[in-house]
Structures are given as structure tokens and as C-alpha cells.
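Chain letters run A, B, ... following the sequence lines, proteins first and then strands; every chain starts at 1.
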2 protein chains.
Amino acid sequence: MALEHAILVSLEERAGSGYELARRFDRSIGFFWAASHQQIYRTLKRMVERGWVTVEDVAQEGRPDKKVYRATDGGRAELTRWIAEPTEPATMRSELAVKIRGASLGDTDAVIDEIARHRAHHAERLDVYRVIEKRDFPDPASLRGQRLHQYLVLRGGIRAEQGQLDWCDELLDALNSDRDS
Amino acid sequence: MALEHAILVSLEERAGSGYELARRFDRSIGFFWAASHQQIYRTLKRMVERGWVTVEDVAQEGRPDKKVYRATDGGRAELTRWIAEPTEPATMRSELAVKIRGASLGDTDAVIDEIARHRAHHAERLDVYRVIEKRDFPDPASLRGQRLHQYLVLRGGIRAEQGQLDWCDELLDALNSDRDS
DNA sequence: GGTTGCTATGCGCCTAGTTGCATAGTAGCC
DNA sequence: GGCTACTATGCAACTAGGCGCATAGCAACC
């Protein structure tokens, strides 16, 4: 399970509340490991029980009190242990692939529409990543350590989205030609 | 959920037992939607209850009796309905990305080893797909209908594995340079 | 006679993740 | 006063999937 470890990475970089973590996940880490706030709260609770993080109640003015979480030495040890432990590469799961395989039995036009939807989604995502790349990493060759690692993960996102986009284009080309012929 | 629909696609192409489906999933459809035999048996049972498939007990000589499943009109209707229904593109989930983000806090060499392991895995997968591509689809331009769809799904697998492979190479280059400098 | 391996089925428990809902304070707007 | 929006927390029920285990017939080999 990587959610706990993704949270540990985030808390290592900076302590924060469940709410703050949820927003960070919406923006950066979450691009590569999505998590809802419910999931994060539940996981944080479990991590406190395991001694990987500590909680501190922080009273706030003008807004509800919050609980700030910090990684412990135990949490850091767990993260190091997990990083060194080999994990199986995730098997590719594509609903779109299943739909394409089923296209001959159903409505090919519906499948084409669905592919177009996915294409738009990936194009949008790619655009977001490209903006981040240009804004935050204008000189990749000079990057070292943590900043380099952030950049490399972003590169993975860019490659994945570009790959999906190219596949969608190949699909649309081929299916449209097949329909028209 | 796509497992039920992946099974429906497979049963449309040819009726079969749970065991046969499990083996088909090991080979073709399972490259893009993995499923264990336990999962398939459980799902088939549910699909019978819903009226999407029918079962027929078939006595065999020299081997245990089997239950052959066949898609019903209801199953075909469900498949058509599902194909036309928009589904959200799956959010990318990469444990490797989380490990890279955590590399600065742990053992960079362990992360590099892990990346090398993933690289080997994707190279092997890509090789399998390339062999299938050459063997089963020597003349892609001539493909129509179902055969074309099979080919296009395979193309998605090739693109995905190639993309992961390239990313792994970029990662290894960058992390090794960073470590040596 | 014993072991291994293939075909064939399935249960039970657990974890991870999703969905929907609930609560509650503050602040700004109309 | 009522509405909306943001901050902040969390539970309950459900779905999907993974892991381990169990059963059992038949064939081939040693």
C-alpha cells in the first residue's frame, strides 16, 4: 500500500493537517496517487496508532481547530524500509481497452465518442503538466536531489499522458477509417 | 466495473468454463485486465444471478466435469449499455513515483535497483507484445472489425510498456548522474 | 505405491478504495 | 435572516480485489 507512504513523503517535506494533505494530494502527489479526504483521514488515524506520525491539536482563529500531523522516526524508518522493499509493477488496467474489444458487438460510434472524451481528458492533463514543467523546472539539467526527483516524477506523468493521447489518436484514425470503408 | 464486461466480451467471442476464461485472461484480455480464477468464478456466479450468462453442466471424459457459460441477450444488452456509458479515465497510480519522491529521505541505491527491476519487467512485457504483434498481425493496414480492435488494444499495451521503459531509462540516467556528481 | 502436474471448482477473510452522508464554525453577500 | 462557500473533521455501507486455503478426478512418471 502506497497511500501511507505517499502521506509520509508529504509529511517529511512539511507537517500538516488532514485537510492540508488532501489539498496537496489534489495538486502534486495526487497527480500520481489520488486520494480523497476520507481516505486520508482514515489512514492518518491508523498511522497514529502505528506510531508513524504524531498529532497535535492546533487552535485557530477565524476557522475550525485543526490537527497537525508530523512524521516520527518510526515513520521515517517505515518509509525507508518500504522504499528498499521490491514491489510488483502494477498491471495495466484499461476499461477503454475492454470497450474497444467489445466494440464489434455494440455501438462503434459510442466507442469513438468515448475515445474522444478520453483524448480530451489526457490532452488537458498533459497541458497542466507541461505548464508545471515550464514554470517550476525551467533548467532541468541543473536539478539535484529532491527537486530532481520531483521533476522526474512529473516527467513520468508527461510521458504517460502523451502516450495515452497518441494511442487515442491512433484509435480514432483506425476506427474512423474502418467505419468509412 | 469492467471485469464483468471483459468476461462478457470473452464469452461473446466464444463460450467457455471459468477455468477456460481464467486461461484466456492469462493470455490475451488479461494483459489489459488481470483477473485471478477465484475472481472469475465469483463474478460468473453473480452474472448468472443477474441473467447475463447461462450455465450448462458438461460431463467430460478423462477430466473433471465443467460448467460452460454463455452470454445471454440480457448480457449482450448490458455490454452495449456499458460501452455507450461514459467512464472516467483511470487516474494514474504509480508506487514507483512515490518511491522516487521519497528517495532523498532513504536509500537512493535501493530506488535505483527498484527502477532497474521495473525496467526489466517492462522490457519483458514489451517483448511479448512485439512477438504477438509480428506473429498475429503481420499486415495491420488490412485489418477490419474485431481483428482490428484486437490489434489496437495490443498497440495500447505496446505504447504503455514502451513509455514505461523509456521513463525508467530517463530515471536511471538522471539518478546515476546525480549520484556520481 | 507415491509424487507431481493438470483440469476444474469454490469458500472465507482481509485490505483498499469509493460513495454518500453528517457535523460544525466562520465569513461574506444579498 | 438566509444563502453560499470555505475550512475542518469524520462515520457507515458498499464494492472490488487479493491471498490463502480446500477439494477432487485423472494421467504420467518413477
Side-chain angles (χ1 to χ4, degrees), chain A residues 1-8 15-27 29-30 32-50 52-53 55-69 82 87-95 98, chain B residues 1-8 15-27 29-30 32-50 53 55-69 78 82 87-95 98:
Chain A
M1 221 271 287
L3 177 56
E4 295 165 350
H5 302 99
I7 289 175
L8 280 173
S17 68
Y19 187 82
E20 282 162 358
L21 280 168
R23 282 197 307 173
R24 278 186 228 169
F25 268 72
D26 278 346
R27 280 181 280 112
I29 305 180
F32 315 103
W33 200 276
S36 64
H37 76 274
Q38 293 95 329
Q39 236 179 303
I40 289 171
Y41 283 124
R42 194 165 6 118
T43 304
L44 281 169
K45 198 179 168 186
R46 191 170 57 231
M47 290 169 77
V48 171
E49 284 163 20
R50 290 187 192 168
W52 294 353
V53 295
V55 213
E56 186 196 354
D57 276 296
V58 176
Q60 295 189 111
E61 283 181 24
R63 48 182 67 177
D65 296 353
K66 65 177 178 179
K67 298 180 181 179
V68 171
Y69 293 88
W82 176 75
T87 42
E88 289 303 301
T91 42
M92 172 186 161
R93 290 225 155 161
S94 170
E95 293 214 354
V98 178
Chain B
M1 222 268 289
L3 178 56
E4 295 165 349
H5 303 99
I7 289 175
L8 280 173
S17 68
Y19 188 82
E20 283 162 358
L21 280 168
R23 284 197 306 174
R24 279 185 228 169
F25 269 72
D26 279 346
R27 281 182 279 111
I29 305 181
F32 315 102
W33 199 276
S36 64
H37 77 272
Q38 294 96 328
Q39 238 177 301
I40 289 171
Y41 283 123
R42 194 159 12 111
T43 304
L44 281 170
K45 199 179 167 185
R46 191 170 57 231
M47 290 168 77
V48 172
E49 284 163 19
R50 290 188 192 166
V53 295
V55 212
E56 185 196 353
D57 276 295
V58 175
Q60 295 190 112
E61 281 181 26
R63 48 183 63 179
D65 296 351
K66 65 178 179 178
K67 297 180 181 177
V68 172
Y69 293 87
E78 166 57 23
W82 176 76
T87 40
E88 288 303 301
T91 43
M92 171 185 159
R93 290 223 154 160
S94 170
E95 294 213 355
V98 177

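Between His5(A) and Trp82(A), the ring planes lie parallel to each other; the angle is under 30°, not in the 30° to 60° tilted range.
Of the candidates dA8(C), dG17(D), dG10(C), the closest approach to any side-chain atom of Tyr69(B) belongs to dG10(C). Nearest to the side chain of Lys67(A), among dG10(C), dT9(D), dG17(C), sits dT9(D). If you check dT9(C), dA8(D), dG17(D) against the side chain of Tyr19(A), the one that comes closest is dA8(D).
Within residues 36-43 of chain B, the residues having any heavy atom under 4.0 Å from DNA chain C are, by residue number, His37(B), Gln38(B), Tyr41(B).
Put simply, OG on Ser17(A) and CG on Asp65(A) are 11.5 Å apart, with the number rounded to the nearest 0.5 Å. In this structure, NZ on Lys66(A) lies 10.0 Å from CD on Glu56(A), to the nearest 0.5 angstrom.
Screening Lys45(B), His37(B), Gln38(B) against Tyr41(B) for a side-chain contact (heavy atoms from CB on, under 4.5 Å) leaves a single residue, His37(B).
To the nearest angstrom, P of dG17(C) lies 18 Å from CD of Glu88(B). Asp26(A) has its CG atom 14 Å from the C1' atom of dT7(D), to the nearest Å. Rounding to whole angstrom units, CG of residue Leu3(B) and P of dG17(D) are separated by 6 Å. Look at CZ on Arg46(B): it is 14 Å from P on dG10(C), rounded to the nearest Å. Put simply, NZ on Lys66(B) is 14 Å from P on dG10(C), counting in whole angstrom units. To the nearest angstrom, P of dT9(C) lies 9 Å from CG of Asp65(B). Residue Met92(B) contributes atom CE, which lies 18 Å from atom C1' of dG17(C) at whole-angstrom precision. For the pair Glu4(B) CD and dA16(D) P, the computed distance is 6 Å after rounding to whole Å.
Considering only residues two or more places apart in sequence or on other chains, Arg46(A) meets the side chain to side chain contact (heavy atoms under 4.5 Å, CB included) condition with Met1(A), Glu4(A), Thr43(A), Arg50(A). Lys67(A) pairs by the salt bridge (Lys or Arg N to Asp or Glu O under 4.0 Å) definition with nothing, not counting sequence neighbours. Applying the ring-ring contact (aromatic ring centres under 6.0 Å, His included) rule to Phe25(B) yields no partners; only residues at least two apart in sequence or on another chain are considered. For Ala90(A), there are no side chain to side chain contact (heavy atoms under 4.5 Å, CB included) partners at least two apart in sequence or on another chain.
Using a 4.0 Å cut-off, some side-chain N or O of Arg93(A) falls inside it from OP1 or OP2 of dG17(D). Contact annotation: Lys45(B) does not reach the phosphate of dT9(C) (side-chain N/O to OP1 or OP2, under 4.0 Å).
Axis angle, first five pairs versus last five pairs of the helix from dG1(C)-dC30(D) to dC30(C)-dG1(D): 10°, rounded to 10°.
Contact annotation: the side chain of Leu44(A) approaches that of Leu21(A) to within less than 4.5 Å [non-hydrogen atoms, C-beta and beyond].
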